[in-house]
**Student:** 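Below you'll find the structure I mean.
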Amino acid sequence: MLDKTYRPSEVEPKHYEQWEKSGAFAARTDSNRSPYTIMMPPPNVTGSLHMGHALTFTLQDVLVRYHRMAGRDALWQPGTDHAGIATQMVVERQLEAQGVTRHDLGRDKFIERVWDWKAESGGTITRQLRRLGASPDWAKERFTMDEGLSDAVRKVFVTLYKQGLIYRDKRLVNWDPKLHTAISDLEVEQREVKGHMWHFKYPVEGEEGVFITVATTRPETMLGDSAVAVHPEDERYAALVGKMVRLPIVGRLIPIVADEYSDPTKGTGAVKITPAHDFNDFEVGKRHDLPQINIFDRDAKLNDAVPEDYRGMDRYDARKKIIAAMEELELLDKVEPNPHTVPYGDRSGVVIEPWLTDQWYVDAPTLAKPALEAVETGKTKFHPKHWENTYYEWMRNIQPWCVSRQIWWGHQVPAWYGPDGHVFVEEQEAEALAAAAAHYGKAVELTRDTDVLDTWFSSALWPFSTLGWPQETPELKRYYPTDVLVTGFDIIFFWVARMMMMGLHFMGDVPFKDIYIHALVRDEKGQKMSKSKGNVIDPLVLMDKFGCDAVRFTLAALAAQGRDIKLAENRVEGYRNFATKLWNAARFCQMNECAPVDGFAPDAVKEIVNRWVVGKVAETADKVAQALAGYRYDAAANAAYQFVWGTFCDWYLEFAKPIFGGTDEAAKAETRATAAWVLDSILHILHPFMPFITEELWSQMGNRDTQLMLRPWPVLPGLHDGAAEEEMDWVVRMISTIRAVRSEMNVPPSAQVELLATGLTAAKGEWAKTHADLINRLARLAVLETAADPQRVAQAFSHGAAQMVVDEATLVLPLAGIIDVDKERARLEKEIVRVESEVAKVDKKFANPDFVARAAPEVVEENRERRDEWMAAKTKLQEALQRLSGA
RNA sequence: GGGCGGUUAGCUCAGCCGGUAGAGCGCCUGCUUUACACGCAGGAUGUCGGCGGUUCGAACCCGUCACCGCCCA
């Protein structure tokens with residue numbers, strides 16, 4: 001016997017362990033089923049489960065579990081990435097606590113410490129994924145720093161280098177002066193700040209008392225100025241173009257150049273040009289062949305390229321000093337408040353400095369072309385579709401991808417330098433040495449490049465490196481390209497685009513056929529969750545409180561396409577209640593001896609209620625499957641919810657009660673078997689969403705030798721029975737109508753009244769007889785007269801009665817002593833008004849001659865029928881009102 | 001400035017091909033109906049953001065405006 005309530009904390013670990021141990025998650029290369037593959041976007045090895053993870057992994061698990069049941073050989077490839085900077089920072093912070101820096105340890109020892117840390121703490125997120133019920137093939141778990149994945153990284157780097165698609169270049173990068181590394185554009189956060197615009201007067205050389213005024217938000221960079229630019233069509237400055245100015249403080253002579261970059265409407269229309277410290281100025285500098293004067297060191301302190309007084313100063317101290325000096329020189333024209341954006345490193349939180357360095361670049365513009373084409377031609381499809389615009393936008397404007405990072409934790413660049421700086425790019429040192437020997441004609445010593453590669457470089461290879469590439473493994477052959485990538489929009493640039501480029505280049509095919517982009521989880525007020533706001537909802541806490549299944553179901557039910565998820569705890573509570581409801585329904589079945597019957601054939605049931613419900617099961621299984629095929633998680637979850645609660649519990653089980661309590665043994669046996677079958681089907685349908693409770697009920701509701709998670713998805717053609725549906729819909733309509741009138745007329749629930757039906761068609765009279773037990777029980781009637789004697793009806797009226805219309809029939813509820821005649825009259829009048837308004841709506845359509853002439857005939861016909869029905873109802877209600885008044 | 005998304009019941013949101021506006025929560029009323037009060041039954045609530053257009057017919061299609069959110073510059 002099932003416990004009184006479902007206790008998730010006792011059930012969840014048990015089933016998870018069984019699934020994992022029994023190999024139920026494993027994909028099988030030798031399977032004859034067609035593969036279904038999802039690459040799990042690898043969470044950071046430093047990570048722990050947050051709501052975003054809970055959403056994305058729930059959605060992936062729903063797909064994987066569903067497709068596994070639907071007969072596919074499902075591979076959900078798990079793993080984590082090494083998260084270069086993040087991980088390095090974690091370990092550095094630990095060292096800091098012991099008063100040690102990574103430089104004290106040295107590179108090798110430090111890397112060892114990181115691996116130690118990974119072994120100890122790196123498994124947090126994968127443990128938490130198990131808590132969530134995720135069903136990836138854990139045996140295949142990979143890590144971006146694995147040997148195999150590292151081989152892939154080296155192979156890709158060397159191949160691209162030899163193809164001319166990776167090169168070394170000196171360009172401006174986003175330099176993080178705290179972390180001492182280049183970071184990607186995407187790791188730079190543009191923050192709006194209330195800054196100032198300083199207007200500096202630069203004296204024009206050779207023209208006493210003539211100045212050109214430039215406006216800048218970064219006064220300190222003037223020490224690196226190499227020109228002043230004005231717009232070529234700006235007449236104010238036309239005469240000055242070609243002249244020189246004497247840069248204050250520094251004393252350097254710099255030219256005034258004409259360049260369209262200068263915006264005549266902004267500031268003074270003249271702009272100082274610092275090619276080594278601003279991305280736009282860098283371009284201007286190249287156009288005018290200006291010197292690039294680097295004035296900062298790696299800490300963003302001033303270097304020896306500036307006047308002695310300023311050397312070694314911090315950039316912000318220098319700013320103050322410059323402003324003071326300019327004021328002193330009477331060259332500070334004015335200062336205006338100026339809100340503008342400033343780049344911050346999203347990891348370090350410090351202001352990023354554009355800095356000239358030598359870095360490794362991937363020729364992204366070249367690789368992007370096939371990646372763009374793959375989406376344009378529909379080889380890979382975005383869901384929802386509009387995200388392809390974001391992808392196009394990014395891919396069409398893609399810049400060379402700087403892949404080197406000046407940190408230690410990551411894949412070290414496979415490049416070695418000879419004594420003269422000549423570079424040898426090879427997968428192994430031995431090969432580099434050999435290449436060098438060939439180049440120099442003798443063996444030489446080489447030094448390896450100290451940089452490591454951007455983490456996204458290795459994650460870009462994830463869809464094939466995890467399958468064994470560059471080895472030609474059976475997995476690679478079978479599971480690439482994958483079916484779908486499920487992820488948030490925030491990493492379309494970071495990751496999706498890069499996997500597309502690498503996949504196409506190295507595998508010759510797209511890495512996935514579909515890309516499902518889901519929303520962000522926000523708090524109930526729609527704000528982004530953040531630690532600083534304190535509005536973070538921890539999925540683990542929610543799971544403790546409501547059970548994992550409730551959390552999963554909530555996330556799926558709220559995952560409507562194109563909208564963020566506002567998560568409120570009461571939603572989770574509601575779906576916990578749903579789990580309880582299911583549990584209790586199963587208990588009810590158990591108490592009534594509804595056990596699964598071997599060889600039960602749902603298409604052979606005879607009782608109308610049973611024929612009706614099996615049809616609904618088929619319909620629901622179908623709806624859920626179709627919704628999932630279109631990534632409509634919300635629709636899938638709601639279809640299941642509505643059937644389980646609104647049809648199975650609210651109606652079918654209630655219909656079953658009088659049968660169970662009755663004397664028709666054949667009907668009883670059939671209904672028991674049907675109820676058990678329906679419940680089993682429900683468990684199948686809900687399993688992808690609620691794996692734990694369904695597996696538990698599956699194991700408790702019968703003698704099973706299989707796990708639910710490996711059972712086939714219900715595909716049930718031919719079960720829909722239109723006649724049964726029409727009949728049961730009528731029964732439901734009867735009961736609902738009677739209940740509503742009882743409630744409105746304040747008939748006590750305990751009062752068992754009789755019902756006199758008149759005007760039933762012959763067919764419905766039969767239905768009424770067949771289902772009298774059901775109707776009586778659910779509408780709380782003592783007797784149902786299916787063809788009431790007119791005299792009885794008249795008599796009923798003389799003592800007071802309520803009346804209602806169901807289709808063509810009038811139902812009379814004798815309520816002697818209970819009924820308030822005025823109230824009943826008012827109720828009927830209100831009902832008539834409502835019906836009249838329905839008639840009026842249809843009449844309005846017919847009043848327009850074009851409607852009949854131009855609308856589709858079936859629409860016209862449908863409206864005509866509807867009008868007839870409403871009119872008939874109106875007539876009956878009016879008769880009822882008259883009878884009441886005559887009584 | 002460019003792009004995308006949103007605006008439907010008190011709240012959160014569905015509403016696929018244009019043809020009778022829905023759900024959950026909340027609210028109100030009643031109920032120890034032997035599965036379930038994490039429940040049952042019943043009920044109220046809408047200028048589908050504004051304006052214009054297309055159409056026999058618009059929550060839905062088109063245009064425009066307003067407001068909110070996000071991304072990019």
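Convention: sequence-line order gives letters A, B, ...; per-chain numbering from 1.
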**Student:** Mapping A/T390 and A/R739 onto RNA chain B by nearest heavy atom, which one lands closer to the 5' end?
**Tutor:**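 Closest to the 5' end, via its nearest nucleotide, is A/R739.
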**Student:** The side chain of A/L653 lies closest to which of these nucleotides: B/rC56, B/rC4, B/rA35?
**Tutor:** B/rA35
**Student:** For B/rA35, does the base pair up with any side-chain atom of A/E654 as donor and acceptor (N or O, under 3.5 Å, distance only)?
**Tutor:**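 Result: at least one qualifying N/O pair found.
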**Student:** Taking the chi torsion of B/rC70, is it syn (within 90° of 0) or anti (everything else)?
**Tutor:**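 Classified anti.
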**Student:** Nearest-nucleotide wise, let me know which of A/R854 and A/D650 is further upstream toward the 5' end of RNA chain B.
**Tutor:** A/D650
**Student:** With a 4.0 Å cutoff (strictly under), does any side-chain N or O of A/W394 reach OP1 or OP2 of B/rC4?
**Tutor:** no
**Student:** How many Å lie between NZ on A/K4 and P on B/rC36, as a whole number?
**Tutor:** 5 Å
**Student:** Checking base pairs now: Watson-Crick or wobble, both atom distances under 3.5 Å. What partners B/rC4?
**Tutor:** B/rG69
**Student:** To the nearest Å, give me how far apart CG (A/L520) and P (B/rC70) are.
**Tutor:** 10 Å
**Student:** Please state how far atom CD in A/E573 lies from atom C1' in B/rG39, giving the value in whole angstrom units.
**Tutor:** 13 Å
**Student:** Of all the choices, B/rA35, B/rC38, B/rG24, which nucleotide is nearest to the side chain of A/C649 once you look at every atom?
**Tutor:**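 Nearest listed nucleotide: B/rA35.
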**Student:** Both distances below 3.5 Å, Watson-Crick or wobble geometry, any strand: find the nucleotide opposite B/rA58.
**Tutor:**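 Looking at the geometry, B/rA58 pairs with no nucleotide.
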**Student:** Which nucleotide wins on minimum distance to the side chain of A/D850, given the candidates B/rC56, B/rG39, B/rU20?
**Tutor:** B/rC56
**Student:** Would you please say whether a donor-acceptor pair under 3.5 Å links the side chains of A/D259 and A/H231?
**Tutor:** no
**Student:** Taking the basic N atoms (NZ, or NE/NH1/NH2) and the acidic carboxylate oxygens, is any pair closer than 4.0 Å for A/E725 and A/K616?
**Tutor:** yes
**Student:** If B/rA9 has a Watson-Crick or G-U wobble mate with both distances under 3.5 Å, name it; if not, just say none.
**Tutor:**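 No nucleotide pairs with B/rA9.
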**Student:** Could you measure between the two P atoms, the one in B/rG57 and the one in B/rG52, and give it in whole Å?
**Tutor:**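 Taking atom P in both B/rG57 and B/rG52, they lie 15 Å apart.
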**Student:** Mind checking A/R587 for me? I need base, sugar-phosphate or nothing, with any heavy atom below 4.0 Å counting as a touch.
**Tutor:**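 Here A/R587 touches the backbone only, sparing every base.
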**Student:** Going by distance alone, is a donor N or O of one side chain under 3.5 Å from an acceptor N or O of the other, for A/T671 and A/N610?
**Tutor:**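 Distance-only check passes for A/T671 and A/N610.
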**Student:** Base, sugar-phosphate, or nothing for A/K657, non-hydrogen atoms under 4.0 angstrom?
**Tutor:** base
**Student:** Once you apply the 3.5 Å cut-off to both distances, tell me the Watson-Crick or G-U wobble partner of B/rA14, or none.
**Tutor:**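 Its partner is none (no Watson-Crick or G-U wobble pair with both distances under 3.5 Å).
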**Student:** Between A/W645 and A/Y641, is the ring centroid distance below 6.0 Å?
**Tutor:** yes
**Student:** So A/W387 and A/T390, do their side chains get closer than 4.5 Å, heavy atoms only?
**Tutor:** yes
**Student:** Report yes if at least one side-chain N or O of A/K566 is closer than 4.0 Å to OP1 or OP2 of B/rC13; otherwise report no.
**Tutor:** yes
**Student:** So if I take every side-chain heavy atom of A/V859 and compare against B/rG15, B/rC36, B/rG19, which nucleotide ends up nearest?
**Tutor:**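 Selected nucleotide: B/rG19.
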**Student:** Scan A/N397 against the nucleic acid and name what it touches under 4.0 Å (heavy atoms): base, sugar-phosphate only, or nothing.
**Tutor:** nothing
**Student:** How long is the line joining CG of A/L558 and P of B/rG24, in whole Å?
**Tutor:**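 So the CG-P distance, A/L558 to B/rG24, works out to 14 Å.
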**Student:** Can you tell which of B/rG43, B/rA14, B/rG19 lies closest to the side chain of A/A740?
**Tutor:** B/rG43
**Student:** Between B/rG57 and A/K844, is there an OP1 or OP2 to side-chain N/O distance shorter than 4.0 Å?
**Tutor:**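 Negative; the distance criterion is not met.
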**Student:** With rounding to the closest Å, how many angstrom separate the P atoms on B/rU7 and B/rG15?
**Tutor:**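 Going atom to atom, P in each nucleotide, I get 10 Å.
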**Student:** Hey, does the side-chain of A/R571 have a donor or acceptor N/O within less than 3.5 Å of a partner on the base of B/rC25?
**Tutor:** no
**Student:** Rounded to whole Å, please give me the gap between CD in A/E593 and C1' in B/rU34.
**Tutor:** 15 Å
**Student:** Heavy atoms only, 4.0 Å cut-off, all strands: where does A/C589 land among base, sugar-phosphate and nothing?
**Tutor:** nothing
**Student:** Would you say A/N863 places a side-chain N or O within less than 4.0 Å of OP1 or OP2 belonging to B/rG19?
**Tutor:** no
**Student:** Quick one: label A/S743 by what it contacts on the DNA or RNA (base, sugar-phosphate, nothing), any heavy atom closer than 4.0 Å.
**Tutor:**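 Answer is sugar-phosphate: A/S743 comes under 4.0 Å of backbone atoms only.
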**Student:** At 4.0 Å (heavy atoms only), tell me whether A/R780 reaches a base, stays on the sugar-phosphate, or touches nothing.
**Tutor:**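 A/R780: base contact, heavy atoms under 4.0 Å.
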**Student:** Given the C1' atoms of B/rC27 and B/rA44, what is the spacing between them in whole Å?
**Tutor:** 9 Å
**Student:** In Watson-Crick or G-U wobble terms, both distances under 3.5 Å, what is the partner of B/rG39?
**Tutor:** B/rC31
**Student:** Can you tell me which nucleotide in B/rG19, B/rC38, B/rG30 comes closest to the side chain of A/P749?
**Tutor:** B/rG30
**Student:** Taking the P atom in each of B/rG2 and B/rC65, what is the distance between them to the nearest angstrom?
**Tutor:** 11 Å
**Student:** When the P atoms of B/rC13 and B/rC70 are considered, how many whole Å apart are they?
**Tutor:**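 About 15 Å, rounded to a whole number of Å.
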**Student:** Under 6.0 Å between ring centres: does that hold for A/Y6 and A/W583?
**Tutor:** yes
**Student:** Give me the distance, rounded to whole Å, that separates B/rC4 from B/rC11 when you measure between the C1' atoms they each carry.
**Tutor:**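 The same atom, C1', in both gives a distance of 26 Å.
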**Student:** Just the rounded figure in Å: distance from C1' of B/rG15 to CG of A/N638.
**Tutor:** 12 Å
**Student:** What is the distance, to the nearest angstrom, from the CG atom on A/D634 to the C1' atom on B/rC13?
**Tutor:** 9 Å
**Student:** Do A/F382 and A/F489 have ring centroids that are under 6.0 Å from one another?
**Tutor:**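 Not under 6.0 Å, so no.
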**Student:** Taking atom P in both B/rC16 and B/rC61, what distance in whole Å separates the two?
**Tutor:** 9 Å
**Student:** Pick the P atom in B/rG39 and in B/rU47, then give their distance to the nearest Å.
**Tutor:** 31 Å
**Student:** Compare the minimum distances between each of B/rG19, B/rC56, B/rA35 and the side chain of A/K845, then state the nucleotide with the smallest one.
**Tutor:**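 Taking heavy atoms from C-beta onward, the closest nucleotide is B/rG19.
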**Student:** Could you check whether A/E619 pairs with A/K623 (Lys NZ or Arg NE/NH1/NH2 to Asp/Glu carboxylate O, under 4.0 Å)?
**Tutor:** yes
**Student:** Looking at B/rA21, I'd like to know if its phosphate oxygens (OP1 or OP2) sit under 4.0 Å from a side-chain N or O belonging to A/K841.
**Tutor:**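 The answer is yes; a side-chain N or O of A/K841 sits under 4.0 Å from OP1 or OP2.
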**Student:** Would you say A/R864 reaches B/rU20's phosphate, i.e. side-chain N/O to OP1/OP2 under 4.0 Å?
**Tutor:** no
**Student:** Whole Å only: how far is the CZ atom of A/F846 from the C1' atom of B/rG19?
**Tutor:**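 From A/F846 CZ to B/rG19 C1': 12 Å.
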**Student:** For B/rC48, give the paired nucleotide (Watson-Crick: N1-N3 plus N6-O4 or O6-N4; G-U: N1-O2 and O6-N3; both under 3.5 Å), or none.
**Tutor:** none
**Student:** So if I apply the side-chain contact (heavy atoms from CB on, under 4.5 Å) rule between A/V644 and each of A/D650, A/T620, A/I682, A/I685, which one comes out positive?
**Tutor:**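 Of all the options given, the one that passes is A/I682.
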